[in-house]
Amino acid sequence: MTEITYLDAIREALTEEMERDPNVFCLGEDVGVFGGAFKVTEGLQARFGVNRVIDTPISEIAIIGAAAGAAHMGMRPVAEMQFADFIACGYDLLTNYVATSRYRTGLACPMVVRGPSGGYVRGGPFHSQNPEAAFIHTPGLKIVCPSTAEDAKGLLKSAIRDDDCVLYFEHKYLYRRIKGVMPAGDHLTPIGKARTARAGTDVSIITYGATVWRALEAADELAKANVSVEVIDLRTLSPLDDEAINATVKKTNRVVIVHEDTRTGGIAGEITARINEQCWEWLDAPVLRVTAHDVPLPNAPSLEDFVLPQTADIVAAAQRLLTY
Amino acid sequence: MTEITYLDAIREALTEEMERDPNVFCLGEDVGVFGGAFKVTEGLQARFGVNRVIDTPISEIAIIGAAAGAAHMGMRPVAEMQFADFIACGYDLLTNYVATSRYRTGLACPMVVRGPSGGYVRGGPFHSQNPEAAFIHTPGLKIVCPSTAEDAKGLLKSAIRDDDCVLYFEHKYLYRRIKGVMPAGDHLTPIGKARTARAGTDVSIITYGATVWRALEAADELAKANVSVEVIDLRTLSPLDDEAINATVKKTNRVVIVHEDTRTGGIAGEITARINEQCWEWLDAPVLRVTAHDVPLPNAPSLEDFVLPQTADIVAAAQRLLTY
Amino acid sequence: MAATGVAAKLPHAKKLELYYWMKLTRTLEERLVNLHRQNKLVGGLFRSLGQEADAVGSAFAIQPTDVLSSLTRNLGSLLIKGATPVEVIRQHMATADSPTRGRDLGLHFADIDRGFIGHISPLGDMVAVMAGVTLSFKLRGEARVGLVYLGDGATSTGAFHEGINFAAVQRCPLVVIVENNGYAYSTPIAKQSAATQFSDKAAGYGVAGDRADGNDVLAVYDVTKRAVDRARSGEGVTLIELVTYRRRGHAEHDNQSYVPDGEVERWATENDPIDRYVRVLIDREKVERAEIDAIDARALAEVDAATDAALASPQPAGADALSDVYANPSRVAAHWYRNK
Amino acid sequence: MAATGVAAKLPHAKKLELYYWMKLTRTLEERLVNLHRQNKLVGGLFRSLGQEADAVGSAFAIQPTDVLSSLTRNLGSLLIKGATPVEVIRQHMATADSPTRGRDLGLHFADIDRGFIGHISPLGDMVAVMAGVTLSFKLRGEARVGLVYLGDGATSTGAFHEGINFAAVQRCPLVVIVENNGYAYSTPIAKQSAATQFSDKAAGYGVAGDRADGNDVLAVYDVTKRAVDRARSGEGVTLIELVTYRRRGHAEHDNQSYVPDGEVERWATENDPIDRYVRVLIDREKVERAEIDAIDARALAEVDAATDAALASPQPAGADALSDVYANPSRVAAHWYRNK
Ligand SMILES: Cc1ncc(C[n+]2csc(CCOP(=O)(O)OP(=O)(O)O)c2C)c(N)n1
Ligand SMILES: Cc1ncc(C[n+]2csc(CCOP(=O)(O)OP(=O)(O)O)c2C)c(N)n1
Ligand SMILES: [Mg+2]
Ligand SMILES: [Mg+2]
């Protein structure tokens with residue numbers, strides 16, 4: 001079995017779904033002839049034609065709005081944000097129109113909005129964002145964040161088939177750094193189900209996206225001191241997999257939530273509140289957060305490294321939990 | 001001393017600040033001749049002229065962008081969103097430009113974006129929103145939510161004088177229902193400081209905005225059963241007053257966080273996480289949340305009442321805490 | 001009032017139909033005003049008084065398989081597309097059996113099968129959405145057309161700009177109608193745009209531009225039909241400005257204090273679209289007054305029946321609010337304290 | 001190359017200055033390319049090769065007290081407004097003493113005192129911001145003017161639309177320059193807009209529209225100066241399209257696979273703005289080759305000195321990242337695990 005990169009896995013998902021369903025089409029800036037800023041859609045226009053891989057003007061409002069309109073008519077659009085940061089320009093369309101359409105009027109919006117998110121790549125404040133927090137807050141939107149190549153493929157295929165709008169935040173740090181062997185057949189990763197990236201008994205690390213790999217590094221580190229760490233990869237941020245969260249809390253009784261996003265208002269707060277509500281009695285220590293600092297993400301390597309969560313931070317948090 | 005409404009208090013703050021500082025000016029849709037959809041700016045254009053109360057096109061991006069540009073040049077713009085819901089259209093400008101400007105380039109954005117937020121008024125999904133969650137998540141923005149007429153005035157005056165952008169979410173349910181006597185002199189409510197709306201010893205209710213009044217009703221109710229409730233009115237959501245939050249937790253050891261906003265991704269999660277981190281040992285029970293349900297806010301009275309948090313819900317949550 | 005071009009060729013029955021839709025619109029809105037005064041509606045009431053020709057003449061120019069997205073003042077367009085008076089009243093009363101089951105307001109409702117998508121509040125957004133609806137027509141090679149309405153004020157939004165530009169570049173079969181009714185809430189057009197006329201915006205998007213008297217139902221039909229034909233034959237987007245006037249306030253609560261004295265009255269007496277069209281029917285089409293009275297009676301009877309049905313409709317049960325945020329899961333759980 | 005209008009009246013020394021700025025731009029960018037290849041820069045490198053006349057000719061037409069907002073390909077404009085080569089190199093190296101202290105990239109930096117505000121990444125936003133900068137000039141009665149640049153691609157953004165419309169209605173003293181360089185990343189202008197030319201957008205906003213050869217520095221100066229004079233005298237906004245060509249990829253990593261064969265070479269050999277201007281200086285202004293060589297040497301010496309200074313600059317300390325999110329509090333606390 002040959003390994004392919006996380007990036008190729010995304011393209012494979014797009015290719016398979018476009019083969020399977022003629023209603024699936026891609027649209028976005030430079031996705032066609034050029035194959036996208038990161039070459040995710042490379043070759044797709046040559047294969048499927050200009051009507052299935054559409055180069056758009058620089059218009060995030062229109063890209064999202066047009067995807068919604070086409071979705072109403074039974075198409076399955078996959079809209080690309082050149083960088084996930086620019087989804088901010090379509091915030092009104094997504095939160096006010098797309099998220100509410102089924103609820104208000106019964107009109108479905110089966111569409112995917114995907115784009116490269118995340119830092120650790122010296123991208124500076126506008127090419128490194130983790131835009132999930134604002135959308136987790138929006139009923140009507142789903143959000144997935146794959147951390148493995150397998151999930152990059154499986155979640156995108158599920159997202160395309162979902163009957164509602166799924167925001168698919170792929171992590172640009174993982175594009176070419178992570179590889180995997182794709183499961184045979186029609187590989188669908190279910191939306192709403194977390195994954196145990198590593199089983200353990202002493203401390204749980206709940207995370208998603210690029211920091212799954214830092215959590216695994218931290219787990220390796222901690223294993224040297226005989227600390228058994230469980231790493232939960234959320235995969236889907238909306239809806240959250242409460243079952244998986246509760247199970248790991250009840251197993252280890254100690255939790256660190258890790259995210260690359262800034263701390264205040266990030267999803268760790270939500271997860272902490274759910275743990276409080278659902279299994280407070282099982283906690284032997286407070287839930288700790290390891291996250292970015294609350295600043296726009298700066299560009300210089302020294303600054304970015306300081307702001308973003310690092311493996312040592314996760315180790316420190318786990319160690320602190322063990323003092324309780 | 002004469003009482004004035006919450007709405008008049010906002011106008012009084014604007015008037016005083018415009019008198020005090022020629023750099024202060026208002027801009028927004030229909031704020032001039034018409035005095036705004038809710039008449040908050042009524043009479044201001046007649047008094048200060050068309051250059052200080054500017055009717056704009058329907059352009060939230062431009063209103064926020066223009067406020068930022070004018071703020072760079074030393075002006076103190078107060079931009080109105082006709083309904084806070086439409087701030088969604090300016091999300092990119094606020095989060096990417098305004099919030100990062102000082103941090104990145106040293107350019108100050110001393111500006112206020114204000115607008116009527118909140119429900120309980122049968123406004124339906126687009127005229128009832130509580131947009132704070134997405135912005136609490138944005139370093140560089142401040143957020144205030146007055147619940148009293150006194151704070152409506154005092155926080156707006158402080159917001160106008162703040163050297164950074166302050167989002168001022170006034171609650172339309174309170175506009176004409178709440179009155180207060182304005183403190184004499186230059187009445188400034190400090191940004192970043194919560195208020196004890198009612199002191200108590202058994203349970204703390206942490207809230208802000210319109211639900212402060214529901215929390216107080218719940219406290220009255222609970223007092224009948226000899227439960228002593230402390231109500232903390234946050235007033236400022238960003239930056240949060242950790243000191244006040246910690247103090248009430250340490251006092252009562254039982255906390256309900258109440259907000260009108262939908263639950264998932266709302267600020268209650270953030271506060272729960274902070275309490276976990278800062279004073280977990282002091283908790284005798286899990287932190288509970290009373291919030292809207294996770295749906296777009298529907299229009300029919302029966303539906304709106306069901307979705308939004310009500311006084312009885314707060315009472316139920318407090319009672320549950322007492323069973324621990 | 002010129003019945004030139006295609007409008008001139010409309011069969012007599014169709015010309016009477018135009019009158020019927022305008023009259024039904026006005027009668028239904030007047031009923032809504034009554035219900036509003038009786039506190040039977042939930043939320044504000046937005047009228048299209050004096051703009052009925054603009055809504056009706058334009059929607060009359062598309063086919064049943066075409067799709068339109070209506071705005072605040074396009075009740076007439078929705079009626080033509082098959083929305084019924086009882087749906088409209090129920091929607092304003094937020095009843096359990098209203099098109100949105102009490103969830104959204106006024107004309108914010110949709111039915112793809114009948115070919116209409118009501119707007120949402122954030123102005124301009126529907127232009128972007130309709131770019132996508134019509135993109136799907138193009139991608140599938142369907143000979144269908146889309147029609148989207150926006151106000152003079154909404155032309156200032158980024159969503160309008162991005163939406164029409166996208167549709168223009170993609171040559172989507174979309175007709176964009178700017179209803180210039182003089183005001184956006186209290187804001188006169190001079191404070192909305194420095195352009196001489198809204199149809200001047202067409203060139204900037206490389207699309208056809210046109211302009212017509214929005215209170216002349218035949219002229220509206222005519223200008224829209226031409227644009228629809230162009231769209232259907234693959235010639236892309238047209239931006240049409242219809243010049244009309246908003247005779248009521250933004251909503252019923254608005255006292256129009258900002259309107260110059262006499263302006264409303266002048267439009268009411270000199271330029272009411274229904275009065276004007278009655279004169280055309282009588283003078284030029286030789287329609288009998290009795291025939292017109294019969295249509296009026298029919299419209300009234302329909303509105304009466306709809307009112308009765310709507311008044312008998314139930315309010316939604318609170319917990320109904322929890323369904324259909326997603327297809328799956330199809331229901332949100334109620335908070336624990338509501339299940340006690 | 002016509003030196004008509006105001007450009008014709010430029011004193012000889014000023015004409016040489018125009019050359020200096022273009023040459024300095026190119027020399028500095030070439031240095032950045034070297035540093036980039038040596039892995040000394042942080043992030044991508046965006047060139048203005050072949051567009052130097054557009055940036056320089058336009059910025060040369062405003063006063064020191066005027067404010068401009070530059071875009072990706074306006075290094076020349078920033079230099080004219082007083083940004084120094086060492087600042088530019090430090091900014092690209094993200095050093096501690098760079099204008100943004102290592103926080104932001106490339107030309108994203110600002111100094112209100114010198115009158116420039118670098119852009120942010122989301123395209124079009126600066127048009128809205130500059131509407132506000134110039135609104136403040138109008139409100140205060142200052143005889144100052146603003147200049148904002150955007151690419152052909154950025155004209156498709158809602159922010160551009162709302163910003164220019166706002167400025168137009170308010171008659172702000174703003175000049176909006178659309179740099180039509182043929183592409184937005186890989187997207188050719190035909191997929192960006194269906195308009196024949198970008199200056200066609202002016203009418204839709206009710207503003208003056210103009211268009212010039214962006215590779216003719218005198219023509220650029222001329223068209224901008226006219227617009228600036230209009231703005232300063234209270235006549236409001238002008239939208240100018242400068243036609244130029246992006247000879248490098250979007251950024252240095254882009255191999256321009258989407259560009260038709262020979263297109264870049266044709267622009268390089270037939271329409272390089274510096275070569276063209278050298279011919280004007282020699283043929284018409286009777287400048288000696290030695291004088292031009294001296295300017296070249298001066299530019300190179302400045303860039304050399306700047307390089308030396310920048311290479312000696314320190315990287316920021318990590319914890320510096322925590323200051324100045326707000327004026328008050330002026331510093332964010334480090335997470336506890338970093339203070340161990
Ligand atoms: C983005 C946005 N901003 C503000 C509003 C508030 N608002 C509702 S209707 C309206 C005026 C609309 O005027 P126009 O587009 O001319 O339509 P008309 O009501 O005249 O038909 C405004 C400002 C809104 N709905 N959406
Ligand atoms: C709102 C937004 N969407 C997408 C991008 C990504 N992006 C950066 S530059 C660029 C192309 C810009 O083209 P143009 O405006 O013509 O400027 P040029 O680079 O040609 O000078 C794109 C799509 C962005 N910066 N902002
Ligand atoms: Mg209007
Ligand atoms: Mg370009």
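Quick note on labels: first sequence line is chain A, next is B, and so on, each numbered from 1. The shown structure was predicted, so the numbers you read here are calculated from the model rather than taken from an experiment.
- A donor-acceptor contact shorter than 3.5 Å is absent between the side chain of N299(A) and the backbone of G102(D).
- Checked by atom type and distance alone, the side chain of S156(D) never pairs as donor or acceptor with a backbone atom of P57(A) at under 3.5 Å.
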Checklist line | side-chain hydrogen bond (donor to acceptor under 3.5 Å, both in side chains) assessment of D30(A) paired with T187(D) | finding: CA-CA 6 Å; D30(A) 307 297; T187(D) 305; 2.7 Å; yes
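- Looking at R338(D) and Q310(A), their side chains come closer than 4.5 Å, going by heavy atoms from C-beta outward.
- Interface remark: V42(D) contributes backbone and side-chain atoms alike to the contact with chain A (heavy atom separation under 4.5 Å).
- With Y337(D) as the aromatic partner, R320(A) does not meet the cation-pi criteria of under 6.0 angstrom to the ring centre and within 45 degrees of the ring axis.
- Between chain D and the options G124(A), S59(A), P309(A), heavy-atom pairs under 4.5 Å are most frequent for S59(A).
- Side-chain contact check for H335(D) versus R289(A): every heavy-atom pair is 4.5 Å or farther apart.
- With sequence neighbours excluded, the residues that form a ring-ring contact (aromatic ring centres under 6.0 Å, His included) with Y91(A) are F135(A), Y91(B).
- Note: Y185(D) and F34(A) have tilted aromatic rings, judged against thresholds of 30 and 60 degrees for the angle between ring planes.
- When heavy atoms are compared at a cutoff of 4.5 Å, A334(D) approaches chain A by way of both its backbone and its side chain.
- Only the side chain of D254(D) comes within contact range of chain A, judged by heavy atoms closer than 4.5 Å.
- At a 4.5 Å heavy-atom cutoff, A159(D) makes no contact with chain A through either its backbone or its side chain.
- Going from atom CG of L123(D) over to atom CD of E60(A) covers 8.0 Å, rounded to the nearest 0.5 Å.
- One distance of note links CG of D294(A) with OH of Y326(D); it measures 8.0 Å at 0.5 Å rounding.
- Of the possible polar contacts, one joining the Q192(D) side chain to the I58(A) backbone as a donor-acceptor pair under 3.5 Å is found.
- Using a 4.5 Å cut-off between heavy atoms, D305(A) contacts chain D through its backbone alone, with no side-chain atom that close.
- Two residues are said to be in side-chain contact when any heavy atoms from C-beta on lie closer than 4.5 Å; V33(A) and K191(D) meet this criterion.
- Residue S121(D) holds its OG atom at 5.0 Å from CZ of F86(A), rounded to the nearest 0.5 Å.
- Ranked by heavy-atom pairs under 4.5 Å with chain A, the list D320(D), I120(D), T95(D) is led by I120(D).
- Interface remark: of the candidates E29(A), R122(A), R263(A), R263(A) forms the most heavy-atom pairs closer than 4.5 Å to chain D.
- In this structure, chain D has a heavy atom under 4.5 Å from the backbone of T56(A), while its side chain stays farther away.
- In terms of modelled atom types and a separation under 3.5 Å, the side chain of S302(A) and the main chain of P316(D) share a donor-acceptor contact.
- At least one side-chain heavy atom of D104(D) sits under 4.5 Å from a side-chain heavy atom of P125(A).
- Using a 4.5 Å cut-off between heavy atoms, V121(A) does not touch chain D at all.
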Margin query: Between W336(D) and L288(A), is the side-chain contact (heavy atoms from CB on, under 4.5 Å) condition met? List the steps.
Written below: CA-CA 11 Å; W336(D) 63 266; L288(A) 295 184; 3.9 Å; yes
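- For N255(D), the CG atom sits in a packed shell: over 12 heavy atoms of surrounding residues, nucleotides or ligands are nearer than 6.0 Å.
- Taking both residues in full, the closest heavy atoms of V295(A) and A321(D) are given as CG1-O, 3.6 Å, listed atom of the first, atom of the second, then distance.
- Residue H108(D) touches chain A through its side chain alone, counting heavy-atom pairs closer than 4.5 Å.
- Interface remark: A37(A) contributes backbone and side-chain atoms alike to the contact with chain D (heavy atom separation under 4.5 Å).
- The shortest non-hydrogen separation linking F306(A) to A319(D) is CD1-N, 3.7 Å.
- Residue contact with chain A, scored on non-hydrogen atoms closer than 4.5 Å, involves the backbone and the side chain of L105(D) alike.
- Ranked by non-hydrogen atom pairs under 4.5 Å with chain A, the options V332(D), L322(D), T100(D) are led by L322(D).
- The two residues G318(D) and L303(A) come nearest to each other via the heavy atoms O-CD2, 3.6 Å.
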